[in-house]
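These notes are about the structure you will find just below.
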Amino acid sequence: MRTLRLLNLHCNTSNSPKLNKTFLTVENGLFHIFGPESMMNGSEWKVNEDIQFNKQAKISFFDEDLIRNLSTTKQFWNYIVKEEYEGNERPKIINFGTNNANYVLTFEII
């Protein structure tokens, strides 16, 4: 069993002057939800959560604009972490982009 450690989510650019409520979810056989966290350009959310998983875990990102469009699931951003190809050398990053902002999630496998 491995542990997925969500470190932080950073908002790089935002075209919106208002705060965006963001959420992260992780599915590892169970469903974990983190947020909402209000973010705008330059803000950083220190998630600091550990989730154990066996073979894989799916990290998903969405914000309040995407929630309004729940019928359009293609709008959700997902990343699959697999035990066999994710090493623990250093933190890894995932980029999530929406129409209004660009986010970078930093995580590691321990």
Side-chain angles (χ1 to χ4, degrees):
M1 184 167 288
R2 303 291 296 272
T3 300
L4 166 65
R5 177 169 287 160
L6 301 176
L7 298 172
N8 58 59
L9 183 70
H10 180 79
C11 181
N12 277 337
T13 56
S14 176
N15 298 332
S16 173
K18 68 178 182 91
L19 290 170
N20 292 316
K21 289 185 181 173
T22 59
F23 298 83
L24 291 168
T25 64
V26 176
E27 293 178 62
N28 64 342
L30 299 173
F31 188 76
H32 308 270
I33 186 164
F34 307 99
E37 184 72 19
S38 295
M39 300 185 76
M40 61 188 309
N41 192 26
S43 45
E44 189 162 308
W45 171 16
K46 298 211 181 289
V47 184
N48 293 325
E49 292 288 341
D50 290 349
I51 301 102
Q52 292 188 329
F53 69 99
N54 280 320
K55 295 185 181 181
Q56 70 178 31
K58 181 170 80 170
I59 303 170
S60 300
F61 167 86
F62 51 101
D63 66 13
E64 63 188 330
D65 293 334
L66 297 176
I67 292 171
R68 289 187 202 113
N69 267 333
L70 284 177
S71 62
T72 15
T73 54
K74 66 179 182 167
Q75 298 278 340
F76 291 85
W77 294 96
N78 300 307
Y79 181 84
I80 305 291
V81 176
K82 292 189 177 181
E83 181 180 44
E84 66 268 11
Y85 68 79
E86 297 290 346
N88 57 2
E89 316 79 56
R90 63 181 189 274
K92 300 182 180 336
I93 62 168
I94 308 169
N95 291 298
F96 298 113
T98 67
N99 290 340
N100 296 324
N102 180 26
Y103 298 90
V104 177
L105 174 68
T106 305
F107 72 97
E108 58 189 8
I109 306 297
I110 55 173

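What you see is a predicted model; the values in this text were computed from it and never measured.
- Not a single side-chain hydrogen bond (donor to acceptor under 3.5 Å, both in side chains) links N48 to another residue, sequence neighbours left out.
- With a 4.5 Å cut-off on side-chain heavy atoms, E108 and L7 count as touching.
- Using a 30° and 60° split on the angle between ring planes, F61 and Y103 fall in the tilted class, from 30° to 60°.
- For the atom pair OG1 of T106 and NZ of K46, the computed distance is 9.0 Å after rounding to the nearest 0.5 Å.
- Here L4 contributes atom CG and I110 contributes atom CD1; the two are 9.0 Å apart, rounded to the nearest 0.5 Å.
- No donor-acceptor pair under 3.5 Å is formed between the side chain of S60 and the backbone N or O of N78.
- Between atom CD of residue E44 and atom CG of residue N12 there is a gap of 9.5 Å, rounded to the nearest 0.5 Å.
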List, one per line, each side-chain donor-acceptor pair under 3.5 Å for residues 23-30, sequence neighbours excluded.
| unit_1 | atom_1 | unit_2 | atom_2 | d |
| --- | --- | --- | --- | --- |
| N28 | OD1 | L30 | N | 3.2 |
| N28 | OD1 | H32 | NE2 | 3.1 |
| N28 | ND2 | Q52 | O | 2.4 |

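- Considering only heavy atoms from C-beta on, T3 stays 4.5 Å or farther from I51 through its side chain.
- To the nearest 0.5 Å, atom CE of residue M1 and atom CG of residue N54 are 4.0 Å apart.
- Follow the hydrophobic side-chain contacts under 4.5 Å out from M39 and you never reach V104; the two are in separate clusters.
- Atoms CD1 and CZ, from I94 and F96 in turn, are 4.5 Å apart once rounded to the nearest 0.5 Å.
- Considering all non-hydrogen atoms of both residues, T22 and L9 come closest at OG1-CD2, 4.1 Å.
- Residues F53 and Y79 share a hydrophobic cluster, clusters being chains of Ile/Leu/Val/Met/Phe/Trp/Tyr side chains in contact below 4.5 Å.
- The two residues K21 and P36 have their closest heavy-atom pair at CB-CB, 4.1 Å.
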